[in-house]
Each structure stands twice: as C-alpha cells, then as structure tokens.
2 protein chains.
Amino acid sequence: MDIRTVCLGLLTFGEATGYEIKKLFEDGCFAGVFDASFGSIYPALTRLAEEGFVHGRAEAQEGRPDKKVYSITERGRAYFIQELSRGVAPDHVRSEFLIAMIFAHLLPGGIADAYVDERIAECRKAIDFLNETAQSPHTRIPNMQFTIGLGLATTRAAIAYMEANRHLIDDTTPARLGAATA
Amino acid sequence: MDIRTVCLGLLTFGEATGYEIKKLFEDGCFAGVFDASFGSIYPALTRLAEEGFVHGRAEAQEGRPDKKVYSITERGRAYFIQELSRGVAPDHVRSEFLIAMIFAHLLPGGIADAYVDERIAECRKAIDFLNETAQSPHTRIPNMQFTIGLGLATTRAAIAYMEANRHLIDDTTPARLGAATA
DNA sequence: GGAGTCATGTAACAAGTTACATGATTCG
DNA sequence: CGAATCATGTAACTTGTTACATGACTCC
C-alpha cells in the first residue's frame, strides 16, 4: 500500500492538512505503523485531489501560507474501502536493531549492550504512548482498542524477554578476539 | 542501513553467491528482518567488490551461468563493524495488516476477521520456522539465540493477544451502516 | 538571537522493485 | 508439458527522501 492510500484512510477520520497528517505519522495513532515525509505527503494529497478522491479547501491565515484542509469524498471513501478489501501484503520490516543483534558477536564490548538499553527505553516510551492513545476519544472504537492492545502486548513481551535474556548479549566476545580465534 | 551493508554482514558468516543471499532473506535467518530483490543484491555485490570489501571468485558450472562466490575481505569486515558501531536507526515498519485493523470498522463483514485468521496462521508458521532455525549449527552463538528468542517471545504474545481479543474485530459494524450513522 | 512551531511546495537525488533476457535441469 | 530450481545481470520504472525556498511568530 502506498502513502497515497494511507493518507486517504486518515481522512476517513475527519479533515486534515498535510502538516497534520505528518504529525499523525509521528505522534498520532500511526506512529510505528507507517511513516512518510512532507516530500511524499504533499504530492500525494495533490494527486488525490486531481483524482476526485479528496477535496481541498484553502483556508486563509495571517502571516502564514494558506492552510489547505482536505476532506475525503464519497468516491474516495469507496476507493479506500475497495483497496483495503483486496487483501493485505506481508509486513515490510527493516530493523537495524535486529541486524545489530544478529551480528552482536562482531561488535566491540559494550556497544550491543548499549543498543539493548536504548531499545528497552524506546519500548517503554512506546508503551506510555499507546496507553495515552488508548484514552483519546477517537480510539474508542473496538478495532482501535484491538490494534493498540496488540501493540502493548507485543511491546511488553519484548521488554520482558530482553530484560530476562540480555546476558546473552553481554557475554559476547569482543570483535578483535573473535577475528583472531576464527 | 542499505542492502549493500547487510550483504556484507551476511558474508561474515562465510562465502555465498547472490542467489544464496536472496534465499537467506527469504527463508534464512534474515526472514522478517530484512528483504531484497535480485535487482538490488547483484549490483550491491558488484559495488562491494569494486570497493575492495568483498572478493568475487567465478566458479564454472556445466549448463549454467558461472557461479560467483563472494567472500569478505579484512577491509570489508572492518568496514562492516565500523558501520554497525555507529548506532542503529529506528525500525522502519510498514504493516498493511495493522492499517487494516485500524480501519477494520470500514470493511464489509468478515474481511477483517479473515485478515486476523491469516495473520495468526502466519505467526504460527513464523514460530515453527524460528524453532527450526534455533537448532541449526550457525545459530548456536548466544546473540543469535537472543535474536531468535526475541522473535519467538513477541510472536507468541501476538498470537495469544489476537486469540483472546479478536472479538473486538468480529463485532465491527459493516461499512455501509457505519457511513450512514456518521 | 537561536530554536521550535506552523505551513506548503518542488527539484534533485537515492534506493530499490519489476520485468526482461538467457538457459539447462529436474520434479510432478 | 509446465513449474520450480539454479544462476546472473540490466534497464526502466516507481517510490520516497533530503534539501532547499519562503516566511512569520513565539518561547527561552
């Protein structure tokens, strides 16, 4: 699924500007699920408008560029539902953290260990964030609670596992030694 | 981290051809962590060879194109360790499944439910695969056991959560009804 | 005065995918 | 006889990022 389609989906929750969509990818309910830069969001919205899937309304502002507030059209909504009904592609994951863990035995002492520390801290932040999000009004629908709950369950499992098994990383032989004995 | 660097990392485990690297991304220990197509693997290896990070040896075969077996050089190994020591970027995730769950309330009855079925089946397959991988000889190093164990822990948590909470998805109001009451 | 927020947009670039080209062998 | 496996490589294309351009206002 491309960014265009995801933007369309976001607009089913209500109107938004490109700037607001970007923030939803960063701190909103899409954090950790999808991400996109301004350089892809703005052209995506422009094209959606050309195709008649959204409608852009310019809102004048003082001392700032006009705000372009987009709202989804009936056609857009139908198209989004159709796209989402066609099936879901496998997850696309690219985790530098996991790669670092796979090759942890090559890293000089302390580095992989620090990566685990960082990761645990990030997971804790993610849990706080998910708990907050679960309270916000538009996540009251059951499928949102499901999605947030799934994130909480897997993140908690990750923390518990890492805390219980991080000695497997600490014990890693430093790189130079590993190369010498190979 | 780009594909080039990950290919370099794979070669620290021993020599391999482009074809074999592709298989490692699909069924090997990198399944679910990273993925790449031939169109990016072959050029990556060519460039790594030009840069002196790997050495390519052509092996003649009957009735088939020459096999190019790549092995990592000392420079390549040093470069890879240096790159991996510079820190890890945040995970890059793009999950159509999670997007489908977020918008499940828009989908016609039964579809989101089927997606959950599929997902649980995939998770079970992933667990079988991880258990097999944990037995193979070159995953005996502790950090590999850690990585595999982390995958098992989070995947099991995901299955358990989905089985216990999938009613939140089943209960979803069909799309047309949802639109009418909005 | 510098950083951060709000706000949009484009051009140059990077990265990676898909499809094509080639071709023998083996398995069902 | 078709599909899968083994095996490499390139060109066209898609997608998306980074950096730049513009500009005011507010907080420290």
Side-chain angles (χ1 to χ4, degrees), chain A residues 1-8 11 15-28 30 33-51 54 56-70 83 89-96 99, chain B residues 1-8 10-11 15-28 30 33-51 54-70 83 89-96 99:
Chain A
M1 188 171 332
D2 55 11
I3 286 175
R4 221 172 101 256
T5 312
V6 179
C7 287
L8 197 53
L11 294 174
E15 28 172 64
T17 65
Y19 192 85
E20 285 163 355
I21 288 175
K22 167 80 166 140
K23 281 205 302 184
L24 283 171
F25 283 139
E26 277 165 10
D27 324 306
F30 278 78
V33 176
F34 222 86
D35 193 21
S37 61
F38 284 129
S40 52
I41 292 170
Y42 286 124
L45 290 170
T46 306
R47 218 185 116 189
L48 285 169
E50 281 164 9
E51 293 166 321
V54 303
R57 163 174 56 82
E59 216 169 76
Q61 294 192 121
E62 285 166 45
R64 273 179 204 176
D66 283 7
K67 202 192 252 190
K68 271 200 198 160
V69 186
Y70 291 92
E83 282 299 297
D91 282 6
H92 192 264
V93 179
R94 195 156 276 196
S95 173
E96 288 198 13
I99 290 181
Chain B
M1 188 170 331
D2 55 12
I3 286 175
R4 222 173 99 256
T5 312
V6 180
C7 287
L8 198 52
L10 280 181
L11 293 174
E15 27 173 64
T17 67
Y19 192 84
E20 285 163 355
I21 288 176
K22 168 80 166 140
K23 282 205 303 183
L24 283 171
F25 283 139
E26 278 165 8
D27 324 307
F30 278 78
V33 176
F34 222 85
D35 193 21
S37 61
F38 285 128
S40 51
I41 292 170
Y42 286 124
L45 289 170
T46 307
R47 218 185 116 191
L48 285 170
E50 281 164 10
E51 293 166 323
V54 301
H55 176 251
R57 163 173 56 83
E59 216 168 77
Q61 295 192 122
E62 284 165 47
R64 274 180 202 173
D66 283 6
K67 203 191 250 188
K68 271 199 197 159
V69 186
Y70 291 92
E83 281 300 297
D91 281 7
H92 191 265
V93 180
R94 193 156 278 194
S95 173
E96 287 197 15
I99 290 182

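Per chain, numbering begins at 1; letters A, B, ... match sequence-line order.
- Heavy-atom minimum distance, Tyr70(B) versus Gly56(B): CD2-CA, 3.6 Å.
- In this structure, CD1 of Ile41(B) is placed 14 Å from P of dC6(D), rounded to the nearest angstrom.
- For Lys67(A), the side chain to side chain contact (heavy atoms under 4.5 Å, CB included) criterion is met by Thr17(A), Glu59(A), Gln61(A), Val69(A), not counting sequence neighbours.
- Nucleotide dT8(D) holds its P atom 12 Å from the CZ atom of Arg57(B), rounded to whole Å.
- Across Asp66(B) and Ala60(B), no two heavy atoms sit closer than the pair OD1-CA, 3.7 Å.
- Within the structure, salt bridge (charged side-chain N to carboxylate O under 4.0 Å, His left out) pairs that include any residue of residues 37-49 of chain A comprise Arg47(A)-Glu51(A) (at least two apart or interchain).
- What separates CZ of Arg4(A) from P of dT15(D) is a distance of 9 Å, to the nearest Å.
- In terms of heavy-atom proximity, Gly18(A) sits nearest to Leu45(A) at CA-CD1, 3.6 Å.
- Judged purely by atom type and a 3.5 angstrom limit, Arg94(A) uses its side chain to pair as donor or acceptor with the backbone of Asp35(B).
- The minimum heavy-atom distance between Ser40(B) and Ile3(B), with the atom names listed, is OG-CD1, 3.2 Å.
- Among the atoms of the strands shown, only primed sugar atoms or phosphate atoms (P, OP1, OP2) are found under 4.0 Å from some heavy atom of Arg94(B).
- Comparing Ile3(A) and Lys67(B) against DNA chain D, the residue whose closest nucleotide sits nearer the 5' end is Lys67(B).
- A perpendicular orientation is assigned to the rings of Phe25(A) and Phe30(A), their planes being inclined by more than 60° (bins at 30° and 60°).
- The interatomic distance linking Arg47(A) (CZ) with dT14(D) (C1') rounds to 11 Å, in whole Å.
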List, with names and distances, any nitrogen or oxygen atoms from the protein found under 3.5 Å away from nitrogen or oxygen atoms belonging to nucleotides 10-13 of chain D.
none

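- Qualifying salt bridge (Lys or Arg N to Asp or Glu O under 4.0 Å) partners for Glu15(B), counting only residues two or more places apart in sequence or in other chains: Arg57(B).
- One end of the helix from dG1(C)-dC28(D) to dG28(C)-dC1(D) points its axis 50° away from the other end's axis, with each axis taken from 5 pairs and the angle rounded to 10°.
- The NE2-P distance, from His92(B) to dG16(D), rounds to 9 Å in whole Å.
- Residues from residues 17-28 of chain B placing a heavy atom under 4.0 Å of any atom in DNA chain D, listed by number, are Thr17(B), Gly18(B), Tyr19(B), Lys23(B).
- In this structure, Asp66(B) and Asp2(A) both approach DNA chain D, and ranking their closest nucleotides by distance from the 5' end singles out Asp66(B).
- The two residues Leu11(A) and Ala16(A) come nearest to each other via the heavy atoms CD2-N, 3.7 Å.
- Ring geometry for His92(B) versus His92(A): interplanar angle over 60°, hence perpendicular rather than tilted (30 to 60°).
- An OP1 or OP2 oxygen of dA7(C) is reached within less than 4.0 angstrom by a side-chain nitrogen or oxygen of Gln61(A).
- As rounded to whole Å, 12 Å separates atom P of dG9(C) from atom CD of Glu50(A).
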